[in-house]
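Read the structure below first, then the notes.
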Amino acid sequence: MNKVISLFDYGKKQDDFSRFVVFKTYCEESLFALSPDIMKISTHIYVADMTSMESYFRGASFRAKMSVQEFIEMVLAKDIHSFLSVSCEHPFQGLVLINHLLEKDVEGHFLSDSLFLKKLYPNISFKIWISTAKKLESIYSKNKILVSQRKDFHTNMKRFEKFLSHLKISNFGELKKVEFFEIQRRYKSFIGLLWKWSFPVKDKNQKEEINLFNYSTYEYFKGFQWISYRFFENPVFHHFLDFPVSTWSLIEPHLKESLLKLSQDEEVKAPRRIMELVWTITLYDSSTYSLNIPFKYPLCVEEDANKEFKITLNQFLFAFEKFESLLKQKNEDLEFINVNLILGWSVEVTKTINPSRKTANLFDTLNRKNEEQEKIIDLERKISGEIKVYKSKPNHLYGLDFFEDNVALVNEEKKDTASSLMDSKSFKPFFIYSEPIVLNESEILYSRFLERSSTNWWVSRDIEDSFRDYYICETRDNNLIWAFKNYQEKWFKHGLFS
Amino acid sequence: MPTQTSKEFISRAELLDKEAKLNQTQGISTPLNRLNNYFKDLNLYSSVIEWGAPSGRLSRLIPLLILGSTQEKVLWFCDEMQEKFYANALNSLSINSSNFYFICEKDVQRSLRAAVNEDSCKILVIDTKTFISKSDLNFLSTKSRLNQSTYFLMRHFFLSNKNGNPFVKYRINSSYDLRSDCFKVNCIKGLSKKSLVLKRDEVF
């Protein structure tokens, strides 16, 4: 059998942002300074899901001239008073690591894919792995989650422990490669899941070629049940209408009243920021519909109140339009008119972050120096989609020489001109596929040679595969495509000129 | 001491002066002299410019050159797609890709409405197959004058004189022909010069 080839290896990341942070703190009041999504594992150990905060943290760390991890570390230290934390791609990964580090009596903030931790992985004992697994199982058991998967967990775990002691394996590093399916077959679903989270299985369809884009996927997150932790009640504001309404123009003024009440509540005042609201609408037939209203950046509702709730109302409008089309679809076979008569609603503040006053000024999302960029960031808060910027980066491989970035990270002083090592004046398409697509030569009506470039031959199976001849081709469906031919005369479609 | 009447006269004169400045032809300043010459009568600001830009014809290259030459922020609205914009294509035309912001969504019109109402950006490109009604065009035309903004309306078909559009100032077709290796620009409304042919070597 081969040695274990992946230990918590969720793939190469494009940057240092990790989805989860597992931390230990004795200060429960300031838990929500990092993220509105917190899960309590045990007394003083918590997991934060940073997904909803990614755009904000990238922008804020950029403006504070720090890396994302340095910024997160600062918030953990200053606000949450956490002395030990791990940034990781999977909560179970972080929990095992933090338990191991606690045993070693270590303090600080660590990245799961750092060299330091990677060297520690082979020394992590199965004792820690098992105690972490048992802890997670007890949480799920308390909340009655994954009941069928956890059946006979303790019996199966005892058998697993016997198996390990029989093989005289105590640490990760001593383990030979064992397929996830074997573990699942012998020890049932839940232990199989835990195993998959610890030793991610590479997709059989994954290509040999290293994809230098971010290919850490959230596929491995499947099965992990998130249990949100709150120790205070969410503020809820009810609004009852004197007469039913159905159109946005009639709803808006009443909604403004609700938002005004909300903005005056102590629970949402600065330095608190809102990340999500839930708008529950009651219709004439007493049915209720709950609509989630998320915010891309932490919203200071008091500031928005000064601007007549422009940002908040825009998001409510988007939610209302989706709601209307949903009802229309539902009722399309009925002949009623005015089916959307609304009698009232409630607005619940479901997700907030709570930075301390020390770091609250860092939560200002707008860069006051640049008005134009400020307007675009402000626009992003008002629309449902994201605003993307595409920048180039040094790489001689076409397709890997650019990346998608956050609008808040555009550096005004730095022009993004050609930084590819190849001749920047060569004819390039405006649209590019994530990966080259195989192209049938018969689809090409006419082609014109553009240039020769190199491939990432060092990961190719074929040593001779070292170049690509790029062409602009006209295809049978009248498209102008950017295609290349490799040394085997195989054609691939890589981009679209228009 | 200026009287009420003279104050009104001064403010009206200032307004007329502003309008006159706006109506002055501005032209463009790309690295291509022939293209600049062709568009020398183009008044880029406070206008809606309709481009005939069907797919597969590299039709967006000429508008990109014009947009790049302004050195201003551009908001580009387009339909949701799997492909990504390739920054180096802009850089190869000496255009700063950081000036271009892309919004790719299913329902582009909603975000477009917000951007136009908020006057978030002076130059907007509307590159969608979604049907744009006459009232929308009227709205865009009015807003472009009020906000002194430029809206590029990319159509996924070639424009023709058979179907006019009173809401836009300029109507231009552009395309690339692979066999002759040339870019063709043809204005059907707004400019005095009708067509231009540029060889690929001139552009790259």
Side-chain angles (χ1 to χ4, degrees), chain A residues 310 314 317-318 321 372-373 375-376 378-380 382-393 398-399 401-404 407 410-412 414-420 422-434 446-448 472-475 477-481 495-498, chain B residues 53-61 64 71-73 75-78 80-108 110-115 117-122 154 156 174-179 181 200 203-204:
Chain A
K310 266 191 179 166
N314 255 314
L317 173 60
F318 294 142
E321 283 173 354
E372 280 180 331
Q373 200 180 347
K375 277 186 181 176
I376 293 178
D378 198 39
L379 174 67
E380 200 190 26
K382 291 173 186 158
I383 61 174
S384 52
E386 284 180 355
I387 300 180
K388 295 172 191 168
V389 179
Y390 295 91
K391 291 187 203 164
S392 56
K393 64 179 181 185
Y398 289 149
D401 55 351
F402 81 106
F403 62 98
E404 200 177 279
V407 65
V410 173
N411 188 339
E412 290 307 302
K414 216 176 172 187
K415 254 192 182 177
D416 183 51
T417 50
S419 53
S420 170
M422 299 295 285
D423 177 12
S424 62
K425 288 289 179 187
S426 55
F427 206 179
K428 301 256 177 29
F430 297 131
F431 305 98
I432 196 162
Y433 298 111
S434 311
Y446 186 85
S447 64
R448 191 182 284 279
I472 176 171
C473 303
E474 190 181 323
T475 57
D477 51 1
N478 285 327
N479 272 324
L480 276 177
I481 60 169
L496 208 56
F497 277 96
S498 198
Chain B
S55 67
R57 298 298 200 143
L58 206 55
S59 303
R60 282 155 186 75
L61 187 131
L64 270 171
Q71 301 288 332
E72 294 209 26
K73 302 262 174 280
L75 258 181
W76 195 296
F77 292 86
C78 57
E80 222 173 35
M81 56 182 179
Q82 285 182 348
E83 300 87 14
K84 297 191 182 208
F85 280 91
Y86 190 26
N88 274 325
L90 295 174
N91 294 335
S92 66
L93 296 168
S94 304
I95 294 171
N96 184 1
S97 57
S98 299
N99 279 344
F100 286 74
Y101 298 88
F102 296 93
I103 301 173
C104 302
E105 289 182 316
K106 264 185 200 163
D107 187 4
V108 150
R110 192 196 289 169
S111 303
L112 178 62
R113 196 190 315 143
N117 282 330
E118 296 293 319
D119 190 23
S120 307
C121 196
K122 285 297 170 203
M154 299 295 192
H156 292 238
S174 68
S175 63
Y176 169 73
D177 180 42
L178 182 59
R179 284 169 174 72
D181 206 18
R200 181 168 63 91
V203 180
F204 287 95

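Every chain is numbered from 1 and lettered A, B, ... according to where its sequence line falls, protein lines coming before strand lines. Remember, predicted model here, so these are calculated numbers, not experimental data.
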Within 45° of the axis and under 6.0 Å from the centre of the six-membered ring of A/Tyr446, does NZ or CZ of B/Arg179 qualify? yes
Check step by step if side chain to side chain contact (heavy atoms under 4.5 Å, CB included) holds for A/Tyr390 and A/Ile432. CA-CA 12 Å; A/Tyr390 295 91; A/Ile432 196 162; over 6 Å; no
B/Phe102 portion near chain A, given a 4.5 angstrom heavy-atom threshold: both
Quick one: does B/Ser59's side chain have a donor or acceptor within less than 3.5 Å of a partner on B/Ser174's backbone? yes
May I ask you to say whether B/Asp107 pairs ionically with B/Arg110, meaning some side-chain N is under 4.0 Å from a carboxylate O? yes
Using heavy-atom distances under 4.5 Å, tell me whether B/Leu75 contacts chain A through its side chain, its backbone, both, or neither. side chain
Do B/Phe85 and A/Phe431 have ring centroids that are under 6.0 Å from one another? yes
Find the one option among A/Thr475, A/Ile481, A/Asn478, A/Ile383 whose heavy-atom pairs under 4.5 Å with chain B are most numerous. A/Ile383
Relative to chain A, which of B/Leu178, B/Asp181, B/Ile103 shows the most heavy atom pairs under 4.5 Å? B/Leu178
Which atoms of A/Glu474 are under 4.5 Å from chain B, going by heavy atoms: the side chain, the backbone, both sets, or neither? both
